[in-house]
Asker: 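Mind looking over this structure? Questions follow.
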Amino acid sequence: MSDLDAELDRAAAALRGATRVAVLTGAGVSAESGVPTFRASDGLWEGHRIEDVAHPTGWRRDPRLVWQFYHARRAKAAEVCPNPGHAALAKLEAKWADRFTLATQNVDGLHQRAGSQRVLELHGSLWRTRCTGCGEVAAIGAEPSAGIPPCPTCAAPLRPDIVWFGENLDPAVLGAAEEAAFACDVLIVAGTSAVVFPAAGLIPLAKGGGVKRPPGVVIECNLTPTDASRHADIGLYGPSGETLPRLCDRLGL
Ligand code: OAD
């Protein structure tokens, strides 16, 4: 039996005994769908500096460039499909229902397209805009668009409804994710380098910081160990599009 088989058995056993399950996902879960991850060695994000396209100063300097970047990301996200890892997480939600919480750092909407019903989008969504004037949040479709869209209500410039570096997460969304992480018996951490906070802070919360009895079991699903590994009890190292479906198989899902 390989190490991975043994870890899959342990993960399935932990899940069988779990009343509450929480999941934190990152870019790696969408990698097999063809969405690039973030931490490339050149420090650029699809050819752009992070501070130019994912920071309020970049927006103030050149909102047209920021929109060009997000229009292109949205177009790319519309072209790709959810992969078996997304589908496996939707199956887990169907089993645990309202005792299951999926929090994602991804903005691509692929969890929802795979059938996940209740997704906490910690970093916002490519599929929504937010008005810089009246604050209204609205859906934006997949049809090609260019330039800076105006708000249909107040005509102020719309911005992507994305949490940029230096900005706060929506407190209601973060609060719900923290509650779920603290209350869970099992936390699955999939496809994240676990270096961006406060999202990465959900992982030690699952352990209860010594307060919760018994502490949650943390299952890491990644290609390699990460900053999350020191909190992980079980490691499923391999592509999440393969390991998560194998975990579902063991649970008969
Ligand atoms: P990263 O790009 O930092 O990390 C991606 C992780 O996925 C790495 O640990 C990879 O090893 C792993 N990975 C890659 N392919 C995988 C696969 N097929 N199966 C399993 N794991 C795989 O992405 P995030 O951790 O999501 O924030 O980054 C967090 C945040 O930083 C993002 O949400 C974004 C970014 O800057 C904002 O935009 C605010």
Side-chain angles (χ1 to χ4, degrees), residues 4 7-8 11 23-46 48-59 66 69-70 72-74 76-77 80-89 102-111 114 119-128 130 159-170 173-174 177 188-203 218-232 234-247:
L4 179 57
E7 291 295 274
L8 281 163
V23 180
L24 171 65
T25 65
V29 164
S30 294
E32 289 155 83
S33 295
V35 182
T37 58
F38 298 99
R39 309 228 125 60
S41 53
D42 58 7
L44 297 179
W45 189 357
E46 295 187 14
H48 295 286
R49 296 185 315 157
I50 295 233
E51 50 278 33
D52 288 339
V53 294
H55 197 283
T57 54
W59 170 255
V66 172
F69 176 74
Y70 285 98
R73 281 188 76 195
R74 202 172 67 255
K76 172 84 184 159
V80 304
C81 294
N83 67 59
H86 296 107
L89 292 171
L102 171 59
T104 187
Q105 298 165 87
N106 300 344
V107 295
D108 54 30
L110 288 177
H111 285 302
V119 180
L120 297 173
E121 294 179 309
L122 297 167
H123 293 166
S125 173
L126 286 175
W127 303 101
R128 291 191 305 265
R130 184 159 18 109
R159 59 165 276 180
D161 189 25
I162 300 270
V163 181
W164 288 325
F165 287 95
E167 296 186 318
N168 291 329
L169 277 62
D170 179 328
V173 175
L174 178 62
I188 299 173
V189 181
T192 177
S193 56
V195 294
V196 172
F197 284 80
L202 297 173
I203 303 162
V218 174
I219 302 173
E220 176 168 57
C221 302
N222 202 302
L223 294 181
T224 57
T226 66
D227 277 23
S229 306
R230 66 202 145 99
H231 301 291
I234 299 172
L236 305 179
Y237 295 110
S240 54
E242 295 174 20
T243 54
L244 290 171
R246 285 177 69 184
L247 184 56

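Counting starts at 1 for both ligands and their atoms, following the listed order. Computation of the quantities below employed the complete heavy-atom set of this structure, encompassing side-chain atoms and omitting hydrogens, waters and symmetry-equivalent molecules. From a predicted model like this one, the values you see are computed outputs, not experimental measurements.
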Asker: Is ligand 1 under 4.0 Å from a heavy atom in the side chain of Val163, in the backbone, in both, or in neither?
Answerer: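 Answer for Val163: backbone.
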
Asker: Within ligand 1, which atoms have a heavy atom of Gly26 less than 4.0 Å away?
Answerer: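 In order of numbering, the contacting atoms are 26 (O).
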
Asker: Please state which option from His123, His55, Gln105 has its nearest heavy atom closest to atom 37 (C) of ligand 1.
Answerer: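 Residue with the shortest heavy-atom distance to the ligand atom: His123.
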
Asker: Residue-level breakdown please: for Asn222 versus ligand 1, do any non-hydrogen atoms fall below 4.0 Å on the side chain, on the backbone, on both, or on neither?
Answerer: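 It is both backbone and side chain that touch ligand 1.
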
Asker: Ala54: what forms a side-chain contact (heavy atoms from CB on, under 4.5 Å) with it, not counting sequence neighbours?
Answerer: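 Ala54: side-chain contact (heavy atoms from CB on, under 4.5 Å) contacts with Trp45, Ile50, Tyr70, Trp164, Phe165.
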
Asker: Judging by distance only, is a nitrogen or oxygen of Phe165 under 3.5 angstrom from one on ligand 1?
Answerer: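 No, there is no polar N/O contact under 3.5 Å.
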
Asker: Would you check the N or O atoms of Glu32, main chain and side chain alike, for any that come under 3.5 Å of an N or O of ligand 1?
Answerer: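 Yes; at least one N/O pair falls below 3.5 Å.
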
Asker: Sequence neighbours excluded, which residues qualify as side-chain contact (heavy atoms from CB on, under 4.5 Å) partners of Leu223?
Answerer: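 Once residues adjacent in sequence are excluded, the partners of Leu223 under the side-chain contact (heavy atoms from CB on, under 4.5 Å) criterion are Pro239.
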
Asker: Regarding atom 5 (C) of ligand 1: of the candidates Ala194, Gly191, Gly85, which has the closest heavy atom?
Answerer: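 Looking at heavy atoms only, the winner is Gly191.
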
Asker: What's the separation between atom CD1 in Ile234 and atom CG in Leu247, rounded to the nearest 0.5 Å?
Answerer: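 These two atoms lie 9.0 Å from each other.
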
Asker: Would you say ligand 1 has an N or O under 3.5 Å from any N or O of Thr192?
Answerer: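 So ligand 1 has an N or O lying under 3.5 Å from an N or O of Thr192.
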
Asker: Using the rule given for side chain to side chain contact (heavy atoms under 4.5 Å, CB included), can you reason through Arg246 versus Leu4, listing the C-alpha separation, both sets of side-chain angles and the distance that settles it, and then say yes or no?
Answerer: CA-CA 10 Å; Arg246 285 177 69 184; Leu4 179 57; 3.5 Å; yes

Asker: From Ile162 CD1 over to Trp59 CH2, what is the distance, rounded to the nearest 0.5 angstrom?
Answerer: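 Reported to 0.5 Å precision, the distance equals 12.0 Å.
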
Asker: Give the numbers and elements of all ligand 1 atoms closer than 4.0 Å to a heavy atom of Thr226.
Answerer: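 Contacts of ligand 1 toward Thr226, numbered from 1: 9 (O).
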
Asker: When you check the side-chain N and O atoms of Asp161 and Ser125, is any donor under 3.5 Å from an acceptor?
Answerer: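 Judged by distance alone, the side chains do not pair up.
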
Asker: Hey, which of Val35, Val80, Val29 is the one that makes side-chain contact (heavy atoms from CB on, under 4.5 Å) with Asp108?
Answerer: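 So the option named by the test is Val35.
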
Asker: Taking 4.0 angstrom as the limit and counting only heavy atoms of Ala31, give me the atoms of ligand 1 inside it, by number and element.
Answerer: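 This gives 15 (N) as the contact atoms.
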
Asker: Purely on distance, is any nitrogen or oxygen of Val195 under 3.5 Å from one on ligand 1?
Answerer: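 Such a contact does not occur with ligand 1.
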
Asker: Which is it for Val107 and Arg73 under the side chain to side chain contact (heavy atoms under 4.5 Å, CB included) test, yes or no, and what are the steps along the way?
Answerer: CA-CA 10 Å; Val107 295; Arg73 281 188 76 195; 3.5 Å; yes

Asker: Strictly by modelled atom types, are Ser30 and His111 linked by a side-chain donor-acceptor pair under 3.5 Å?
Answerer: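 Side chains of Ser30 and His111: no pair found under 3.5 Å.
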
Asker: How does Leu223 reach ligand 1, if at all, at less than 4.0 Å between non-hydrogen atoms: by side chain, backbone, both, or neither?
Answerer: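 Looking at Leu223 and ligand 1, atoms from backbone and side chain both fall under 4.0 Å.
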
Asker: Record the part of Ala27 in heavy-atom contact with ligand 1 below 4.0 Å; permitted values are side chain, backbone, both and neither.
Answerer: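 Both backbone and side chain of Ala27 come within 4.0 Å of ligand 1.
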
